There are 2 protein chains.
Amino acid sequence: MPGADTREKILDAAERLFSAHGFAGTSLRAVIRKAEVNLAAVHYHFGTKEDLLRAVLERVVVPVNQERLERLGEVEAGSGEDPPPLEAILEAYLTPGLRSIHDLGERGVIITRFLGRSYTEPNELVQALVRDQFGEVGQRFTEALGYALPHLPEGELHRRFMLVVGVMTYIQADAGRTGEYAEDLFDVDRMVGHLVVFLAAGLRAPAPALRQQVREKEGASS
Amino acid sequence: MPGADTREKILDAAERLFSAHGFAGTSLRAVIRKAEVNLAAVHYHFGTKEDLLRAVLERVVVPVNQERLERLGEVEAGSGEDPPPLEAILEAYLTPGLRSIHDLGERGVIITRFLGRSYTEPNELVQALVRDQFGEVGQRFTEALGYALPHLPEGELHRRFMLVVGVMTYIQADAGRTGEYAEDLFDVDRMVGHLVVFLAAGLRAPAPALRQQVREKEGASS
DNA sequence: GTCTATAACGGGATAGAC
DNA sequence: GTCTATCCCGTTATAGAC
């Protein structure tokens, strides 16, 4: 195959720029300049700018979420009838999102930041795509966490898993920045280890006292 | 004063649009349409688009960080010579960033999301402004947390505080969305309570074993 | 499949009347 | 201080030659 594939050059450049400047902050012309291709090639291969974004996002996020589900499956299979240990579930969730840093070097940092940023992108299409891709992962992991944390009521379980996602997202979005994890970026196991200690302790904390039906404010009937 | 203030109308509209679509995703023309003012008025009152962003950001972030420092000061003063309890420090950090939801209603939701989004906004100016504004808060709170968590080595302390910031940021950015905290949005004390339980437990977790100088990989001298 | 050229439009910024 | 009009550039997208 003579000359690097045009399609992939576009994907690589777009991935890098979306990661650095966001969707709205990246112009197609910036993409073609970096990819050293023609503007029309983008439209030929992908269609609209949003279609390009979709392609970039899926190339990154699909394998990560697949690996999450696979790892969770292995963890569940490995623990027989018992619920898998909390730490193992967390590792199954966290590692795939950070692993690419180690495996792919500089591009891994870009991918990781792209992933984290996608979760907070203002663009509505991005939001829809992310929620879509994340649906099954969120459901399966919430379920697994529920077995590992039987003391948590349903609502609190959902809220706490959201905090896990928040931590993951923030760490990803900060990849390669001035963050405190900068030195650990290429030692993923160690970084995941730090996160697991923190998150497992938080998740295991007792549920806050229920006071849903105890509204201190004046009720309708005095 | 006849006719609402032009300057404030612009700030309000820009705040709402930046919050919803980000900086790059918001055009000045969209701002003036919503504010029902003239395009030239924006340049007259603020200068460039970046100057407008700076004004919007500072209007929101300065009072929040001021209140954080004030609350921390009160907490420290109230505990005499002892280090303040961890939970009180966390409340001092979290509440100001979420309080506006309760106090300001719909605009509070906008502000909160704007705050969360600013922390992950790709634009470099935003990053610089946020880091600037956050500097003193980060330093003071890290210091206070250090006294409350004497078992944590310096590096781990910084990393864990970063996770607190990550949780805060994610919760803010998700304000008014489908998040699990949606129903608690207007009961800030309760939401903060939930967060504090989780975060305090995570922060109190024992530090992961040090293995910095034990690199399993081959050293320079065998 | 790849390119040039251009359409059609929206962007930020400014000049200058009032 | 507020407005209209306009400059000038960059944007996405497409048409059509090769």
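Bear in mind that the values here come from a model prediction, so they are computed numbers and not experimental data. Residue numbers start from 1 in every chain, and the chains themselves are labelled A, B, ... in the order their sequence lines are given, proteins ahead of strands.
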Subject >> Atom pair distance, as rounded to whole Å: CD in A/Glu36 and C1' in C/dT2 >> reply: 16 Å

Subject >> side-chain hydrogen bond (donor to acceptor under 3.5 Å, both in side chains) partners of A/Glu67, counting only residues at least two apart >> reply: A/Arg71, A/Arg99

Subject >> NZ/NE/NH1/NH2 to OD/OE distance under 4.0 Å, A/Arg159 and A/Glu154 >> reply: no

**OP:** Please find out if less than 6.0 Å separates the ring center of A/Tyr170 from that of B/Tyr119.
**Re:** no

Original post:
Rounded to whole angstrom units, what separation is found between the CZ atom of B/Phe23 and the P atom of C/dG12?
Top reply: 8 Å

Subject >> Value in whole Å for how far the P atom of D/dG10 lies from CG of A/Leu17 >> reply: 17 Å

All N/O pairs under 3.5 Å across the protein-nucleotides 13-16 of chain D interface:
residue	atom	partner	partner atom	Å
D/dA13	OP2	A/His43	NE2	3.4
D/dA13	OP2	A/Lys49	N	2.9

**OP:** Grab the OH-C1' distance between A/Tyr44 and C/dT4 for me, whole Å please.
**Re:** 17 Å

Original post:
Does B/Ser27 place a side-chain N or O at less than 4.0 Å from the phosphate oxygens OP1/OP2 of C/dG10?
Top reply: no

Original post:
How close or far is atom P of D/dC3 from atom NE2 of B/His45, stated in whole angstroms?
Top reply: 9 Å

**OP:** To the nearest Å, give me how far apart CD (B/Glu8) and P (D/dG1) are.
**Re:** 14 Å

Original post:
Just checking, is any N or O donor in the side chain of B/Thr48 or B/Asp51 under 3.5 Å from an acceptor N or O on the other one?
Top reply: yes

Original post:
Are the ring centres of B/Phe161 and B/Tyr93 closer than 6.0 Å?
Top reply: yes

**OP:** Considering just the side-chain nitrogens and oxygens of B/Thr6, establish if one lies under 4.0 Å of OP1 or OP2 belonging to D/dT2.
**Re:** yes

**OP:** Decide yes or no for A/Leu94 and A/Val196: does some side-chain heavy atom of the first lie under 4.5 Å from some side-chain heavy atom of the second?
**Re:** yes

